[in-house]
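Both backbone and side-chain heavy atoms feed into the values below; hydrogens, waters and symmetry mates do not.
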Amino acid sequence: SVYFAEHPELDENASSVILSKTHTIVKWVAAAIWVVFILVSAELFRPLFSALEFWLTEPWIFGEFSLTPGALISFVLVIIVAFVITRAIAILIDGGVLDFLRIPKGTLSIISMVIRYFIVALAIAIALGTLGIDLGKFGLIAGALGVGIGFGLQNIFNNMVSGFILAIVIIFILGTT
């Protein structure tokens with residue numbers, strides 16, 4: 001809160017959101033440390049950890065595909081962390097924390113959008129890797145998708161790209177006026 005007191009130009013709503021999110025994270029970390037401390041003190045940590053490790057690594061087999069609960073939890077956690085990071089980036093940039101750089105709002109919005117899309121795409125690739133899915137096979141799917149876009153989905157894909165370009169142009173226009 002000292003940072004926000006020194007920077008009154010920041011959006012009050014953004015500062016309260018950042019402070020409340022930070023407070024929530026600190027509470028959860030403190031609770032986790034407390035639970036581990038209690039389990040270690042009661043000498044229950046090792047047996048519980050062994051049982052949890054066994055459960056998380058026991059594979060579920062679906063035909064030729066096997067999946068562990070640990071891999072599924074990792075998949076979900078990677079996606080959640082990616083969206084939390086993208087939300088934090090949006091709050092920081094839209095809240096005015098980077099206003100000291102004196103970059104126009106439109107440019108900051110474009111940078112934010114590109115970074116967030118990149119993080120989500122990277123997180124999806126990492127999350128699929130945690131499930132044990134070979135990402136090399138997606139080359140075949142990308143090729144088939146390219147042929148589908150070339151023939152049947154050309155109008156839809158053109159509209160999507162046009163919308164993306166319009167969003168960038170509008171951001172530049174809004175940021176320069």
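Under the 4.5 Å side-chain heavy-atom criterion for Ile, Leu, Val, Met, Phe, Trp and Tyr, Leu122 and Phe75 are members of distinct hydrophobic clusters. In terms of hydrophobic clustering, with Ile, Leu, Val, Met, Phe, Trp and Tyr side chains grouped at heavy-atom distances under 4.5 Å, Leu128 and Ile79 are assigned to a common cluster. Ile33 and Ile38 fall into different hydrophobic clusters, where Ile, Leu, Val, Met, Phe, Trp and Tyr side chains are chained together by heavy-atom contacts under 4.5 Å. Following chains of ILVMFWY side-chain contacts shorter than 4.5 Å, one can reach Leu56 starting from Leu77, so the two form part of one hydrophobic cluster. Residue Leu52 is not grouped with residue Val40 when hydrophobic side chains (ILVMFWY) are merged at heavy-atom distances under 4.5 angstrom, including chains of intermediate members.
By the 4.5 Å heavy-atom criterion applied to side chains, Leu39 and Phe49 are not counted as neighbours. You'll find the side chain of Leu67 stays beyond 4.5 Å of the side chain of Ile61, heavy atoms only.
Side-chain polar atoms of Ser50 and Arg46 form no donor-acceptor pair below 3.5 angstrom.
Rounded to the nearest 0.5 angstrom, Thr24 OG1 and Lys21 NZ are separated by 7.0 Å. For the atom pair Thr68 OG1 and Leu131 CG, the distance stands at 8.5 Å (nearest 0.5 Å). The CG atom of Asn155 lies 6.0 Å from the CG atom of Asn159; values are rounded to the nearest 0.5 Å. Thr86 OG1 to Ile115 CD1: the interatomic distance, rounded to the nearest 0.5 Å, is 11.5 Å.
Closest approach of Ala82 and Ala123 over heavy atoms only: CB-CB, 3.2 Å. The heavy-atom pair separating Arg116 from Ala90 by the smallest distance is NH1-CB, 3.7 Å. Minimum interatomic distance between Leu44 and Pro47 (heavy atoms only, all atoms of both residues): O-CD, 3.4 Å.
Put simply, the side chain of Arg87 never gets that close to the backbone of Phe83: no donor and acceptor are under 3.5 Å apart.
In Glu43, the CD atom is not crowded: 12 or fewer heavy atoms of neighbouring residues, nucleotides or ligands sit closer than 6.0 Å.
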